[in-house]
Peer 1: 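Attaching a single structure in structure tokens format; questions to follow.
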2 protein chains.
Amino acid sequence: MFVNNSASLSLFLFIIPLSPHLSLPRSLPTLLSEFLDIWNVNMLRNPDEVNKRQHTTHLYANNHLIVRRGQEFQLKVTFDRPYKPSDDQFAVEFVIGCSPQFSKGTYIPVSVASDRQSPWAGRVVDSTGDVVTVGITPAPDCIVGKWRTYVAVVTPYGIRRTRQDESRDVYILFNPWVAADSVFLDDGNEREECVLNEVGVIYHGAYDDVSERPWNFGQFDYGVLDACLFIMDKAAMPITNRGDPIKVARIASAMLNSRDDDGVLVGNWSGDYTYGVAPTSWTGSTEILLNYSSSKMPVCYAQCWVYAAVFNTFLRCLGIPARVVTNFFSSHDNDGNLKTDIILDENGRIDKQRTKDSIWNYHCWNECYMSRPDLPQGFGGWQVVDATPQETSDGMYRCGPASVHAIKHGQICFPFDAPFVFAEVNSDVVFYSRNPRDGTLEPVKVNSSHVGRMVVTKAPGQDARRDITDQYKFPEGSPEERTVLEKAEEYGCQREKATPPEADVELDMPLIEVRVGDDFELKLEFNNKSDQARTGEMYVSGNVVYYTGVTSSEFLFKTPKVILDPMKVIQVRSQDYMRKLVEQANLHFIATGKVKETGQIVTAMRVVTLHNPKLSVQVRGHVSEEMFVTVEFTNPFKFNLEDVYIRVEGPGVMPPKYKHYSQIMAGSSLTWTESFTPRREGPTKLMASLDCAALRQVYGQAQLTIKP
Amino acid sequence: MFVNNSASLSLFLFIIPLSPHLSLPRSLPTLLSEFLDIWNVNMLRNPDEVNKRQHTTHLYANNHLIVRRGQEFQLKVTFDRPYKPSDDQFAVEFVIGCSPQFSKGTYIPVSVASDRQSPWAGRVVDSTGDVVTVGITPAPDCIVGKWRTYVAVVTPYGIRRTRQDESRDVYILFNPWVAADSVFLDDGNEREECVLNEVGVIYHGAYDDVSERPWNFGQFDYGVLDACLFIMDKAAMPITNRGDPIKVARIASAMLNSRDDDGVLVGNWSGDYTYGVAPTSWTGSTEILLNYSSSKMPVCYAQCWVYAAVFNTFLRCLGIPARVVTNFFSSHDNDGNLKTDIILDENGRIDKQRTKDSIWNYHCWNECYMSRPDLPQGFGGWQVVDATPQETSDGMYRCGPASVHAIKHGQICFPFDAPFVFAEVNSDVVFYSRNPRDGTLEPVKVNSSHVGRMVVTKAPGQDARRDITDQYKFPEGSPEERTVLEKAEEYGCQREKATPPEADVELDMPLIEVRVGDDFELKLEFNNKSDQARTGEMYVSGNVVYYTGVTSSEFLFKTPKVILDPMKVIQVRSQDYMRKLVEQANLHFIATGKVKETGQIVTAMRVVTLHNPKLSVQVRGHVSEEMFVTVEFTNPFKFNLEDVYIRVEGPGVMPPKYKHYSQIMAGSSLTWTESFTPRREGPTKLMASLDCAALRQVYGQAQLTIKP
């Protein structure tokens, strides 16, 4: 009877009742010994077993099995007797979500019989004694998340199935190592960096005076993977969409900010962070994500790089290659209008009241790597996603994924939000001269190279900066650039059409490096390209400006009368600007004026990044035992620092810790030593920040390598 | 002094302080008489004056001036003395929103001097005595909404400006009559229908037995225009986006439903409408929109045609050509998956537990007409927008605009939501046979012509139905159809690949017309195309089904053994289904079975629409004076109707009124007479509905023409 029946069983697809295994009829005890009984299921989930190394998931601080889709993993099933392929039939079943269905891809039965097709491939790798080693290859487009595992045996009395056991849950992630996965990234170096590197560098400052922040993405830290999956749950994202990296990235770009949807991070650009952590104070993503997933409430506070850094953790943690990029002079709120307006009065001086647009000194967003089957060929690869809530994005605070390649070629008719990103890197700055009597605005200068001046990201495999501007734009002034701008205009981008004549006098304010508190000289270099004498009255305005381009206060205003060929020097004293400094402040100088002989307008802009003192971070002790980190800081100013927080953390070695100092006296030093015990071997970093209302963005870091 | 100064004034652009006109220096009383003083501004806003007729806005029940952009309108300014073009300078200023800015297009100064360029053209049409008639042509892409109007005069002491006066506000709408407007619609007939017709017909039922509902869109009714503008305010839609019909339509598709955003209408498909108005009870949009704008709370309740009808009012009211369309057998929640699965057991009988997908009997959405400058050429014209909250639309409950032309050609890579709409009209119905022992699912029949069986809308200018299926799809089985499906698959739509062999026996259940309460016969017609005898056991299942395709209850199940060539008749008695009827119910019959000789599966589906009794609506009295409408109804059933609402309304003649009857006894009649006074001339309709829990969708209407 048994043989007859089993021969007619063709393929192993159960519509599951998720009950414990069936109770058996009492009248048939003798027959039962004929059938396989399952004694144990071993998911081979320890980092030193076969799966995690092969799937490069051994770094996750997580006891469960974690694998990547489209690639085989193994598990061992122990039966009560040796498995006989000719007679016995069993299957491994995987289930996700609350209403599993075969046709939705949320219930996957895997057969090991060679003549049967399963949606995921299954095979017997080894059968020794009572133990069968099964190889399972999840489909390369399967749903990403936490799956439950069952083993089921067919008997003529029905199907016997293992009970639900949380320890057999398996996380299945995206797989950039496998060509069939839509996040496949061929370049091994980039893949290593953009999936596995926990330590990052985020660039800020000015394009010709770039500063950097270290950041602990911490995508492998304990609890982070669950927190990332929680974000999709919180968004009520349909389970069936979670295999599509386009949808995952788009949902996350909305969920990383708290606008609309109680997402992860609350934005705050006010300067008042009393009820949360100042954006400049964070040193990593872990604390933010764990806080969000445990409290289920938005975390306070973020600015653009915090959004980008936590988004990066999310993407890397799920296996989508991702990097943080910084765009210097980023236009925003353009909504397809490629213009930023600066209004000058009749003498060439900036009319502050009427100049309402602003340009962010820099803006950070993410790129993630994936194919784009929803678009015509050629638009796969890096995609812009942006979680910072700016002012336009189709009714919700989110942006992307927008193909970088499409942006470079002006093909902004494809989803999502390409016109917005295009404007961020391509807007013109238009200077208008305003007639004071009747309000006439006349465009007098168009600067088309200021916005999107440089786009950078961390280079793979090294602590160096990589200029990727050429991935977003053709060279300034090239014929391709003109073609692209015309293409973008076809799709509705609006540009300034006026081409005011170029002045025959050029003005430049060369780069200067300045530490906070320094006096310095600002140079105005005139280049008179005519063969005649040129004179004029210049207006030099110095402003303390937030990184978002919004002016806090004007601290300097000079009107030198100059003969427009020599060099002119403006003295800037620290006492002028120090009292007015705000967080993350830069000094913006704009020099404008009118050439007396020709009436032409000359303009120049200079951002002076104020360099902060650094934290000293030093590590002592024998690697792999208890170790010590010492953070040191000396207040270099003539004033006391109050209500100071210092934070320190390091991926794989130290969870985030912080210490509060109510006061650091002018000129005095502090030393803070903490012990830590490394969790795993390899190179890593410890990074620290110091933060108080009067001084933000003070960072320090130490490299170290933990030996086995 | 006056002449000198005025000559140097070049163009009229003021950055406005929105103050009342400037107080004048006390020391200069004598000079003042030299300058123009504004005595009056007449917006020529009465329907019998020049503007409203020329702009076809005379139908709006609204005292303000209403004009369409890109087309000249006139206003009269009365000065204290004749206007001298050589000496005097004045401008008309238009302002919208709370922070008007010239560069954002929210502050528009219009000069009448011929040598000056304004963003909107201005000219002196006539100057007689002290009165100047000014012609203003708003830009054809200007912001749509309610603008404030000022007149300003230049004096050497500053600008004198009229005070804000609400009566001078002007509504500027989209203009489908003007080629430069992106909603331009060349076909005069369609434009007339899709912008100006207040009366509509919405189709439902089944593709071969179509029923219709009359609807009062009421886009010109008192308060409706303000309610439509309020919807954009409630959505916090940036003022600067409100000139773009793409953005306006997209925002509205989200705002018409209450999901996410406290929009206009709460969906309810539960059958319990205790706390609101049953979706089947509404006869027009006016009541809903006015209720929403006054309460600022979502209105209860809607189903798809209510969403589409109110959305239609919104679009027509703002001047965007729009129509309601009905798609018969509309697939939904496909998310790019072009399959609806029906599971049969081994004998060919439907497995209800495992068949989870459903197909809407019909679904209503809107089309709106506009160019698509954001897409490549060729995708302008009709665009699908859908306000009914279905289950997928990029994280929010909204859909479109998606180009109908793009859907027809499978070019679904362009925004917005084209893959979703494509699936609604192109999904396959796949029948699977399930092996009961191991759960195997084997596709046995693919029906690719069921879904999107017919798309219809009201024909322009007449009360007739127009089949527009060919605008969405190429003919079934044509080579173009195959190409389009392949193109859509390139962009990620998933189809069933199996092509099970066709059975040599065909089964059909022909159309029958049935009134509620009738007994009837259901015919099974077999066509045996083989030259051999065929027999089999058939399963005929009859179900009461909501219009969303969800089964309420099975009332009939028969298993005739048949020889598969004659005709078989199944008796259906009203007593079987009447007790189980739910609102808007149809009877769905599915016949399935297996041919004994070949094992082939035969299937057929039939929707039987139950036709309701009608309301009699009759009009008495002399047109243009007080008139009377009488609504009559006889309960044809053997049971009493309880808690009955009757509604009646007519555009331009009667606002919505309703009456409640606690009981209408079996077989008894009621008569309700109401008086009304027509507001304006021309043809119109009075439409009435009767609604109670046991009987929904009872409609009646009367045509009438009001003479002057």
Side-chain angles (χ1 to χ4, degrees), chain A residues 5 8-15 89 99 101-104 109 154 159 235 237-238 240-241 244 247 250-251 254 260-261 333 335-337 339 341 343 353-354 356-357 372-377 391-392 394-396 398 412-416 419 432 434-435 437-441 490-492, chain B residues 5 8-15 89 99 101-104 109 154 159 235-238 240-241 244 247 250-251 254 260-261 335-337 339 341 343 353-354 356-357 372-377 391-392 394-396 398 412-416 419 432 434-435 437-441 490-492:
Chain A
N5 257 307
S8 73
L9 290 168
S10 59
L11 172 55
F12 244 46
L13 301 176
F14 317 107
I15 304 295
Q89 294 216 25
S99 71
Q101 245 180 294
F102 178 73
S103 66
K104 302 285 181 201
V154 178
I159 293 157
M237 184 183 189
T240 49
N241 289 353
D244 182 345
K247 292 189 171 128
R250 182 150 180 79
I251 284 273
D260 324 307
D261 47 19
D333 188 15
D335 198 36
N337 174 7
K339 278 164 55 184
D341 300 337
I343 318 289
Q353 277 204 309
R354 295 190 172 85
K356 301 202 172 177
D357 287 350
R372 286 298 297 264
D374 57 327
L375 304 186
Q377 284 227 321
E391 288 173 54
T392 52
D394 192 20
M396 268 186 96
R398 64 176 167 188
I412 55 176
C413 57
F414 299 110
F416 298 90
Y432 292 92
R434 178 175 182 275
N435 185 319
R437 272 177 308 219
D438 59 10
T440 320
L441 293 179
E490 276 176 35
Y491 294 129
Chain B
N5 256 307
S8 72
L9 290 169
S10 57
L11 172 56
F12 245 44
L13 301 176
F14 316 108
I15 305 297
Q89 294 215 25
S99 70
Q101 246 179 294
F102 178 73
S103 67
K104 302 286 182 201
V154 178
I159 291 156
M237 183 184 190
T240 49
N241 288 354
D244 183 344
K247 291 187 172 130
R250 183 152 179 79
I251 284 272
D260 323 308
D261 45 20
D335 199 34
N337 174 8
K339 278 164 53 184
D341 300 339
I343 317 290
Q353 277 204 309
R354 296 191 172 85
K356 301 203 173 177
D357 289 349
R372 287 298 298 263
D374 57 327
L375 304 185
Q377 284 224 321
E391 288 173 54
T392 52
D394 192 19
M396 268 184 98
R398 66 176 165 189
I412 56 176
C413 57
F414 300 110
F416 297 88
Y432 294 91
R434 179 174 181 274
N435 185 319
R437 273 177 309 222
D438 60 9
T440 321
L441 293 180
E490 277 177 34
Y491 296 128

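Within every chain, numbering begins at 1; the chains are lettered A, B, ... in the order of the sequence lines, protein sequences first and strands thereafter.
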Peer 1: How long is the gap from CD1 on Ile251(A) to CG on Asp244(A), to the nearest 0.5 Å?
Peer 2: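 Going from CD1 on Ile251(A) over to CG on Asp244(A), the span is 10.5 Å.
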
Peer 1: Can you say whether Gln101(A) sits under 4.5 Å from chain B via the side chain, the backbone, both, or neither, judging by heavy atoms?
Peer 2: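 Just its side chain gets close to chain B.
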
Peer 1: Heavy-atom pairs under 4.5 Å with chain A - which of Ile343(B), Asp341(B), Ile412(B), Leu375(B) has more of them than the others?
Peer 2: Leu375(B)

Peer 1: In Å, rounded to the nearest 0.5 Å, how long is the span from OH of Tyr491(B) to CZ of Arg372(A)?
Peer 2: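 Those atoms lie 12.0 Å apart.
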
Peer 1: Can you name the nearest heavy-atom pair linking Pro376(B) to Cys413(A), along with the distance?
Peer 2: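 Looks like CD-SG, 3.8 Å.
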
Peer 1: Any idea which of Ala236(B), Pro373(B), Ser99(B) has the most non-hydrogen atom pairs under 4.5 angstrom with chain A?
Peer 2: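 The residue among Ala236(B), Pro373(B), Ser99(B) with the greatest pair count is Pro373(B).
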
Peer 1: Rounded to the nearest 0.5 Å, what separation is found between the CG atom of Asp374(A) and the CZ atom of Phe414(B)?
Peer 2: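 Answer rounded to 0.5 Å: 11.5 Å.
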
